[in-house]
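Below is one structure; the comments refer to it alone.
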Protein chains: 2
Amino acid sequence: MSPPQDRGRAPSIRDVARLAEVSHQTVSRVLNDHPSIRPETRERVLQAMETLQYRPNRAARTLVTSRSNTIGVLAALSTTYGPATSIAAIEDAAREQGYHVNTANLADTSPAGIADAIEHLMLQAIEGLVVIAPQVRVFEVLAASSIGVPFVSLQSTGRRDHLALSVDQVTGARRATQHLIGLGHREIVHLAGPQDWIEAEARMRGFLEAIDDAELGLHPPILGDWTADFGYYAGSELVRRRDFTAVFAANDEMAIGLMHAFRDAGLDVPGDVSVVGFDDIPVAKHVAPTLTTVYQDFHEIGRRAVALLLNQVHGTERIEVEDIVPRLVVRGSTAPVAVRPASVAR
Amino acid sequence: MSPPQDRGRAPSIRDVARLAEVSHQTVSRVLNDHPSIRPETRERVLQAMETLQYRPNRAARTLVTSRSNTIGVLAALSTTYGPATSIAAIEDAAREQGYHVNTANLADTSPAGIADAIEHLMLQAIEGLVVIAPQVRVFEVLAASSIGVPFVSLQSTGRRDHLALSVDQVTGARRATQHLIGLGHREIVHLAGPQDWIEAEARMRGFLEAIDDAELGLHPPILGDWTADFGYYAGSELVRRRDFTAVFAANDEMAIGLMHAFRDAGLDVPGDVSVVGFDDIPVAKHVAPTLTTVYQDFHEIGRRAVALLLNQVHGTERIEVEDIVPRLVVRGSTAPVAVRPASVAR
DNA sequence: GATCCGGATGTGCACGTTCACATCGCTGTC
DNA sequence: GACAGCGATGTGAACGTGCACATCCGGATC
């Protein structure tokens with residue numbers, strides 16, 4: 001005598017209703033925590049659900065309510081620590097609110113690749129979109145394709161067509177640079193990220209502001225690609241000139257590659273050159289020398305992004321957006337500038 | 001004279017049909033690439049879709065076909081390089097097949113946390129599940145909750161109730177250990193991962209096999225938690241004993257923390273102690289000293305997982321599962337054992 | 001020239017849920 | 001004691017799509 005619901009199809013709200021001897025609507029009410037249900041009835045319905053191993057069908061619910069309970073994440077470089085951490089935090093926060101997360105990675109940063117990823121997400125009927133590690137182009141495509149759902153970016157973009165978390169990358173970068181200046185460095189090079197990345201641009205801006213404030217001469221920044229390999233390459237080029245005493249790298253990976261190149265060239269960090277990174281990835285405090293960097297709370301950033309987005313989706317009251325200011329963490333890769341004949345005066 | 005479809009509701013297949021002067025079924029056929037449609041009719045329908053900015057409603061489609069075109073990913077430690085890379089690869093591969101990816105992270109590895117994440121994914125009506133960086137417990141919970149969809153694990157679990165990629169961690173770990181033995185090391189310590197992790201257990205097994213084969217004495221392995229911080233802690237403890245000449249760490253992060261501790265204690269790597277890691281994260285080749293490690297192609301692993309899973313989902317012919325064998329990468333953190341009075345003999 | 005066949009298209013229903021509205025019985029009020 | 005009001009429940013329709021089946025038309029077959 002096997003249970004009768006073995007007919008291939010999953011049990012529906014109506015099967016539950018039949019077993020509990022109520023109408024399908026009553027079952028629906030139990031599901032949605034409707035107030036006016038007699039406790040006794042509710043209990044009977046829950047019992048029936050348990051017996052039948054009932055699971056609500058989200059497709060059906062989405063169809064009728066046109067709410068998918070899903071948010072999309074558009075991510076670039078999702079394999080690196082920062083974005084990956086934020087994605088995980090987003091997933092956590094979304095789950096807490098009963099939301100699902102659908103991720104699309106930007107393998108390819110061409111407009112076509114971007115449009116493709118967005119199109120993919122839109123097929124899923126997402127209610128909102130979080131854009132991670134964004135590039136300027138992404139927002140242009142996004143604006144052009146009028147997706148019809150609110151979206152949040154993890155970095156201030158300056159655009160007015162969407163919400164953005166204010167992570168004050170400019171201040172973070174400025175503090176990093178000021179730290180070097182405070183140690184007496186006057187010849188500082190910036191190893192930047194790709195300039196179509198919003199955060200790369202912001203970090204460069206912070207650097208330039210600090211240099212400008214201190215009235216120092218400007219070395220042309222080097223445009224990198226965020227990778228440790230590029231850091232190494234850039235370092236190899238830099239050692240040929242040796243017209244600097246410190247480098248501010250736009251992220252930790254590049255900083256680590258950079259230090260490797262300096263080491264290979266016989267330069268001591270921080271004895272000969274000071275290096276500052278950005279992000280404070282977990283290994284930053286363990287590499288040799290330990291890396292002075294700027295800490296970002298990626299987890300908190302992810303959480304806030306979801307809060308902001310869902311707030312917007314549900315259209316309730318405006319949430320206050322507080323600035324997140326990254327924090328300088330001083331470690332062993334920076335030191336006062338070496339006193340040398342040529343660099344003492346002025 | 002604004003377009004007439006501004007009535008709030010998104011255009012449906014029927015709106016398109018009306019505009020193209022065909023039946024809704026014809027539109028459906030165009031959508032699904034049905035063969036018997038006159039090119040002229042198809043064109044007219046496509047035109048109408050374009051005009052109305054029509055987008056198929058996935059919820060409706062899922063409801064009627066009971067295929068969600070979505071796979072789930074259950075991930076632990078998704079913020080680290082390996083899992084994050086595999087997740088990105090999974091997303092890519094799935095997207096190529098028109099599939100969406102829904103991720104749930106295991107913040108908390110308690111059975112309740114695991115069950116919660118699985119339940120969350122099941123609500124989404126996924127067609128299959130990829131389990132990343134799995135712990136033994138996950139599969140127990142998974143087996144117990146009889147989710148009714150195929151799932152694939154990224155590591156061989158030895159269980160028979162699901163598919164698994166064969167990434168031969170055991171061989172990888174054995175090669176790492178043999179490399180140390182080949183350099184003359186006889187006192188080798190293993191800094192392992194948590195033993196409820198399948199890959200940690202496999203790496204430990206490879207280590208033990210190599211030690212056993214070489215008939216060396218066994219140092220009790222240290223059980224870590226994968227983090228660089230723990231590596232540092234373990235290293236600080238180890239330097240008090242100094243009864244070893246090499247350490248094989250179960251992943252690169254711990255290896256980096258370890259080297260930091262040795263450095264702080266005045267030990268030279270590889271002069272006094274050799275260190276091997278596992279994974280070959282991008283910074284491994286840039287830290288000081290550059291880290292000898294075992295390379296894993298996380299991207300390929302992710303791709304194969306999707307291929308295997310979708311193959312299972314569609315029930316076509318069995319796919320051949322080829323072993324992926326990780327590759328030893330020798331760098332600067334390992335060297336022949338130092339010749340010292342006590343260790344020359346034997 | 002009647003018949004059959006297959007290509008091209010249309011008709012109605014089903015999927016599982018929620019929404020709007022209807023119904024029923026009980027309580028309290030004047 | 002009639003009636004409003006409300007709590008508890010039921011009824012039917014709708015959401016947008018795909019499937020099974022029906023229909024229509026033109027050409028090939030004998």
Side-chain angles (χ1 to χ4, degrees), chain A residues 5 7-46 48-49 52-70 98 100 122-125 127 148, chain B residues 5 7-46 48-49 52-70 98 100 122-125 127 148:
Chain A
Q5 76 277 16
R7 299 236 258 86
R9 189 174 293 107
S12 86
I13 203 182
R14 292 193 140 90
D15 299 317
V16 174
R18 200 171 312 122
L19 184 60
E21 299 182 298
V22 294
S23 76
H24 68 106
Q25 177 57 13
T26 300
V27 177
S28 171
R29 281 194 254 262
V30 170
L31 278 175
N32 295 294
D33 284 325
H34 190 94
S36 64
I37 290 276
R38 236 183 338 163
E40 176 194 317
T41 312
R42 149 184 249 96
E43 200 47 48
R44 214 168 58 226
V45 170
L46 290 176
M49 288 182 178
L52 295 177
Q53 290 247 41
Y54 166 80
R55 257 188 249 271
N57 181 320
R58 263 178 36 91
R61 181 178 297 188
T62 297
L63 179 58
V64 67
T65 58
S66 64
R67 296 197 39 209
S68 64
N69 266 321
T70 300
H100 292 258
M122 291 317 298
L123 281 178
Q124 180 73 311
E127 291 182 35
Chain B
Q5 75 276 16
R7 300 238 258 86
R9 190 174 291 106
S12 85
I13 204 182
R14 292 192 138 91
D15 299 318
V16 175
R18 201 171 311 124
L19 185 61
E21 299 182 298
V22 294
S23 75
H24 70 103
Q25 178 57 14
T26 301
V27 177
S28 171
R29 282 194 254 262
V30 170
L31 278 175
N32 295 294
D33 282 324
H34 190 94
S36 63
I37 290 276
R38 237 181 340 160
E40 176 195 316
T41 312
R42 148 184 249 95
E43 200 47 49
R44 213 168 59 226
V45 170
L46 291 176
M49 288 182 179
L52 294 177
Q53 292 246 40
Y54 167 79
R55 258 189 247 272
N57 182 321
R58 262 178 36 92
R61 182 177 294 187
T62 297
L63 179 58
V64 69
T65 59
S66 62
R67 295 197 41 211
S68 64
N69 267 324
T70 300
H100 292 259
M122 291 317 298
L123 282 179
Q124 181 71 312
E127 292 182 35

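Chain letters run A, B, ... following the sequence lines, proteins first, then strands; residues in each count from 1.
With C:dT18, D:dT9, C:dT9 as the choices, the nucleotide that has an atom nearest any side-chain atom of A:Ile37 turns out to be D:dT9. In this structure, the nucleotide among D:dT17, C:dT18, D:dG10 sitting nearest to the side chain of B:Val64 is D:dT17. Closest to the A:Ser23 side chain, of the nucleotides C:dG10, D:dT11, C:dG16, is D:dT11.
To the nearest 0.5 Å, atom OG1 of residue A:Thr70 and atom CD of residue A:Glu127 are 7.0 Å apart. For the atom pair A:Leu31 CG and A:Ile13 CD1, the distance stands at 5.5 Å (nearest 0.5 Å). To the nearest 0.5 Å, atom CD of residue B:Gln124 and atom CE of residue B:Met122 are 10.5 Å apart. Between A:His34 atom NE2 and A:Gln25 atom CD the span is 8.5 Å, to the nearest 0.5 Å.
Taking atom CD1 of residue A:Ile13 and atom C1' of nucleotide D:dT9, one finds them 14 Å apart after rounding to whole Å. Spacing between atom CZ of B:Arg67 and atom P of D:dT17 amounts to 17 Å, rounded to whole angstrom units. One interatomic measurement links the two molecules: CG of A:Leu52 to P of C:dG16, which rounds to 13 Å at whole-angstrom precision. Rounded to an integer number of Å, the gap from A:Arg29 CZ to C:dC19 P is 11 Å. If you measure from atom CG of A:Asn32 to atom C1' of D:dT9, you get 16 Å, rounded to the nearest angstrom. What separates CZ of A:Arg61 from C1' of C:dC19 is a distance of 14 Å, to the nearest Å. With rounding to whole Å, B:Leu63 atom CG is found 4 Å from C:dC15 atom C1'. In this entry the distance linking CD of A:Glu40 with C1' of D:dG7 reads 15 Å, nearest Å.
Proximity of A:Arg38 to the phosphate of D:dA8: no side-chain N or O atom is located under 4.0 Å from OP1 or OP2. Of the side-chain N and O atoms in B:Thr62, none sit less than 4.0 angstrom from OP1 or OP2 of D:dT17. Close to D:dG18, at under 4.0 Å from its OP1 or OP2, lies a side-chain N or O of B:Ser28. In terms of phosphate contacts, A:Ser36 brings no side-chain nitrogen or oxygen within less than 4.0 Å of OP1 or OP2 of D:dG7. Taking 4.0 angstrom as the limit, A:Asn57 places none of its side-chain polar atoms (N or O) nearer than this to OP1 or OP2 of C:dC15.
Nearer the 5' end of DNA chain D, as judged by each residue's closest nucleotide, is the contact made by A:Pro35, out of A:Pro35 and A:His24. Summary of the strand contacts: B:Gln25 and A:Arg14 both lie near DNA chain C, and taking for each the nucleotide with the nearest heavy atom, the more 5' one is attributed to B:Gln25.
Within the 4.0 angstrom heavy-atom criterion, only backbone atoms of the sugar-phosphate kind lie near A:Thr41; the bases stay farther away. Counting any heavy atom pair closer than 4.0 Å across all strands shown, B:Ser12 reaches sugar-phosphate atoms only and no base atom.
Donor-acceptor pairing under 3.5 Å is lacking for the side chains of B:Ser68 and A:Arg58.
Taking 3.5 Å as the limit, the base of D:dG16 and the side chain of B:Arg55 contain no donor-acceptor pair of atoms between them. On a pure distance criterion of 3.5 Å, no polar donor-acceptor pair joins the side chain of B:Arg58 and the base of D:dG16.
Test B:Thr26, B:Val30, B:Asn32 against B:Ser28 for side chain to side chain contact (heavy atoms under 4.5 Å, CB included) and you get one pass: B:Asn32.
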